[in-house]
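Working notes, structure below.
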Amino acid sequence: MSNIIGLFEVFIAFIFVLVFQCFLLCKKSLGGTFLKSWPFLGMLPGMLFNIPCFFDWIVEVHEANDMTFAFKGPWFSGTDKLFTVDPRNISHMLSSNFSKSKGPEFKKIFDILGDGIVTADMELWEDLRKSGHSLFHHQNFLKLSVSSTTSKLNDDLVPFLDKAAEENNVIDLQDVFQRFMFDTASILMTGYDPMSLSTEIPGYEFGEAADFAEEAIFYRHLKPVILWRLQNLIGVGIERKIRTASEIFNSMFSMIISSRRKEEISRGEKEPAINAVTYYMNVDTTKYKLLKPGNDTFIRDVVLSLLIAGRDTTSSALTWFFWLLSKHPQVLTKIRHEINTNFDPTDLETLVYLHAALFESMRLYPPVPFNHKSPSKSDVLPSGHKVEADSKIVICIYALGRMRSVWGEDASEFKPERWISENGGLKREPSSKFLVFNAGPRTCLGKHLALLQMKMVSVEIIQNYNFKVVEGQKIEPVPSIILRMKNGIKVTVSKNI
Ligand code: HEM
């Protein structure tokens with residue numbers, strides 16, 4: 001066995017040396033927007049060459065190829081894909097011709113999430129979707145989402161920012177938002193407060209594990225399944241990090257689930273506390289036949305997906321939003337004015353301009369930059385492209401938000417005004433154009449929760465603090481399935497008196 005692995009590794013090394021030589025010889029054609037297909041290696045060299053600026057490059061490629069192009073991977077590697085951001089195709093695949101399956105490949109690539117809602121298909125997905133919908137609309141769950149965000153703001157984020165302002169500390173805003181969202185999401189989903197924003201605790205394992213896993217999953221899309229599975233088996237490269245992440249998630253969930261099970265035994269006839277773990281431990285299996293409340297692995301899978309969906313997306317959105325505000329002070333001034341003149345703390349809906357600015361920020365920096373689909377049978381897309389059953393289709397939400405043919409010549413500019421209608425209200429855009437929260441039956445279940453939390457955090461910060469971005473930093477997204485900044489964003493804080 002070790003001989004075979006050794007030979008395989010040599011083979012892979014040879015391929016990468018070859019690819020590298022290609023870079024040196026053919027920089028111009030590799031960097032181009034019309035991808036060259038090489039014998040055996042397909043378009044992989046061009047893709048790898050552009051990894052350091054992946055997101056900018058993928059926008060250009062879509063723009064130059066009329067929003068749809070077929071990517072050819074190395075021969076027999078199973079990595080061919082159709083990339084499309086054509087709104088007609090999006091609407092066809094995600095809404096009018098919706099199929100309950102994301103395709104067999106998706107579940108393999110996202111295996112760390114097990115049987116959670118993001119990876120589930122068919123009847124299991126239906127049961128998770130309906131039960132999730134009922135949880136997200138439960139009065140007590142809604143109340144908990146407001147109370148946990150309020151208390152985390154007052155007890156942790158405000159003292160943390162006050163201290164940073166007093167001591168003139170440089171803080172990484174991305175890290176701060178990730179910790180804040182991890183704590184609030186964890187209270188809501190598990191009933192456990194990890195206190196990761198507490199000033200006494202320097203690092204937190206869960207966040208690092210999730211970040212690494214999300215990067216590793218990005219690279220899985222470019223590799224043949226056999227290669228990343230082998231790397232995972234022998235624990236090398238970025239795949240080793242995914243294994244470590246899985247161990248961290250399992251140990252955290254085993255601790256939480258066992259303590260919630262003990263509470264379940266002692267609570268007797270009392271109502272269960274409302275969080276996703278206790279909800280799924282008591283879920284009605286006469287209604288949702290495929291759910292398994294007594295199975296700890298099932299609870300782990302379902303709640304882990306919700307926890308990751310809650311932490312990573314919203315913290316990404318907030319991070320890019322505050323960076324854009326630092327570059328567009330006139331937008332910050334307008335939001336401040338709106339808060340000072342038109343703010344009813346019990347009704348965040350009145351903050352139309354803030355809402356517009358958040359949408360505009362997510363159009364340019366969508367927290368989930370990709371979506372995937374595999375047709376269950378062969379089909380012809382509205383753009384005229386033929387797709388086979390189980391073939392892979394990638395929708396790059398990041399590129400969609402920057403298409404001039406979709407958003408106009410000023411597509412790359414940050415202009416919240418484009419979201420304001422003539423009567424001063426919020427302008428609606430079809431989800432096939434603004435796909436940030438997905439479209440059709442698999443639309444994000446946490447959209448309203450996320451917007452509520454983002455507005456609460458934004459109002460608190462914009463009213464009371466000023467951030468100054470430390471000069472000389474390169475702000476760029478890291479290739480990952482969540483749009484994170486590669487090196488975070490360092491800022492200093494001052495109080496807004
Ligand atoms: C700015 C914040 C958020 C954004 C941009 C966002 C975006 C998305 C996107 C693009 C999807 C589709 C993923 C796919 O099918 O591959 C999705 C699904 C989902 N999101 Fe969100 N999300 C956000 C916040 C949240 C929050 C806070 C929660 C709740 C904890 C949440 C829960 C979910 C769930 C449960 C699904 C799966 C829906 C299904 O497959 O039926 N999201 N979200």
Side-chain angles (χ1 to χ4, degrees), residues 90 93-95 98-103 105-107 109-110 113 115-122 124-137 141-142 144-145 148-149 177-178 180-182 184-190 214 217 221 275-276 279-280 301-321 355 358-359 361-374 393-398 400-401 431-432 434-458 481-484:
I90 293 173
M93 289 186 295
L94 302 183
S95 301
F98 173 75
S99 100
K100 281 183 250 171
S101 166
K102 284 186 174 175
E105 187 87 352
F106 190 84
K107 208 170 161 62
I109 290 184
F110 285 76
L113 294 179
D115 275 331
I117 186 168
V118 176
T119 39
D121 277 337
M122 313 307 281
L124 176 59
W125 167 72
E126 266 177 341
D127 274 5
L128 286 168
R129 177 88 197 176
K130 285 183 198 147
S131 57
H133 189 269
S134 138
L135 170 67
F136 279 75
H137 287 83
F141 190 78
L142 293 171
L144 179 65
S145 62
S148 57
T149 311
F177 286 142
Q178 283 183 328
F180 176 80
M181 286 316 308
F182 176 51
T184 40
S186 179
I187 297 173
L188 207 50
M189 299 306 163
T190 71
E214 286 154 6
I217 290 173
H221 288 85
N275 57 61
Y279 174 79
Y280 279 103
D301 289 355
V302 173
V303 181
L304 174 63
S305 297
L306 296 178
L307 187 56
I308 289 192
R311 176 196 90 119
D312 300 12
T313 50
T314 317
S315 58
S316 157
L318 283 168
T319 308
W320 291 102
F321 177 59
H355 195 123
L358 285 166
F359 266 24
S361 169
M362 288 189 281
R363 176 181 71 82
L364 290 169
Y365 295 98
V368 182
F370 303 102
N371 197 326
H372 313 244
K373 207 67 198 166
S374 277
I393 305 177
V394 177
I395 304 165
C396 180
I397 304 173
Y398 182 93
L400 171 62
S431 50
S432 56
F434 183 63
L435 193 62
V436 165
F437 291 100
N438 210 9
R442 282 196 100 133
T443 294
C444 172
L445 265 181
K447 178 177 173 183
H448 295 290
L449 171 64
L451 283 167
L452 174 83
Q453 290 179 321
M454 284 191 282
K455 286 181 191 170
M456 288 174 75
V457 174
S458 303
I481 55 158
I482 296 287
L483 203 74
R484 267 189 312 112

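Just follow the structure's listing: the first ligand is 1, and inside any ligand the first atom is 1. Position 1 is the first residue of the sequence, and the numbers go up from there.
Inclusion of Arg442 in the set of residues having an N or O under 3.5 Å from an N or O of ligand 1 is warranted.
Of all protein heavy atoms, the one lying nearest to atom 27 (C) of ligand 1 is Gly310 CA, 3.7 Å. Protein heavy atom in closest approach to atom 23 (C) of ligand 1: Thr313 OG1, 3.4 Å. Atom 4 (C) of ligand 1 has Phe437 CE2, 3.5 Å as its closest protein atom, hydrogens excluded (heavy atom only). At the top of the distance list for atom 36 (C) of ligand 1, counting protein heavy atoms only, stands Leu445 N, 4.1 Å.
Across the listed options Gln453, Arg129, Lys100, Arg129 owns the non-hydrogen atom lying nearest to atom 38 (C) of ligand 1. Of the candidates Ala120, Gly446, Cys444, the one placing a heavy atom closest to atom 22 (N) of ligand 1 is Cys444. Nearest to atom 11 (C) of ligand 1 by heavy atom, out of Asn438, Leu358, Leu483, Leu128, is Asn438.
In this structure, Trp125 has a heavy atom closer than 4.0 Å to ligand 1. Contact analysis puts Met189 in contact with ligand 1, with a non-hydrogen atom separation below 4.0 angstrom.
The closest side-chain heavy-atom distance from Arg484 to Asp312 is not below 4.5 Å. Using a 4.5 Å heavy-atom cutoff, the side chains of Leu445 and His133 are in contact. Counting heavy atoms from C-beta outward, Met454 and Phe321 have side chains that stay 4.5 Å or more apart. A heavy-atom distance below 4.5 Å is not found between the side chains of Leu188 and Asn275. Using a 4.5 Å cut-off on side-chain heavy atoms (C-beta onward), Ile395 and Leu94 make contact.
When non-hydrogen atoms are compared, ligand 1 lies under 4.0 Å from the side chain of Lys102 (C-beta onward) but not from its backbone. Heavy atoms from both the backbone and the side chain of Leu306 come within less than 4.0 Å of ligand 1. Contact annotation for Pro367 and ligand 1: only side-chain heavy atoms (C-beta onward) come within less than 4.0 Å of the ligand.
Arg311 places no side-chain N or O within donor-acceptor distance of the main-chain N or O of Met181, the cut-off being under 3.5 Å.
Atom numbering of ligand 1 starts at 1 in the shown order; those under 4.0 Å from a heavy atom of Val436 are 5 (C), 7 (C), 10 (C). Interface of Ala309 with ligand 1, defined as ligand atoms under 4.0 Å from a residue heavy atom, comprises 24 (C), 25 (C), 26 (C), 31 (C), 32 (C).
Screening Arg442, Lys107, Lys102 for a salt bridge (Lys or Arg N to Asp or Glu O under 4.0 Å) with Asp121, the sole residue that qualifies is Arg442.
Ring geometry for Phe110 against Phe106 counts as parallel: the plane angle stays under 30°, on a 0 to 90° scale with 60° as the upper cut.
Under 3.5 Å, the side chains of Tyr279 and Ser131 contain no donor-acceptor pair of N or O atoms.
For Trp320 and Tyr398, the distance between ring centers is not under 6.0 angstrom.
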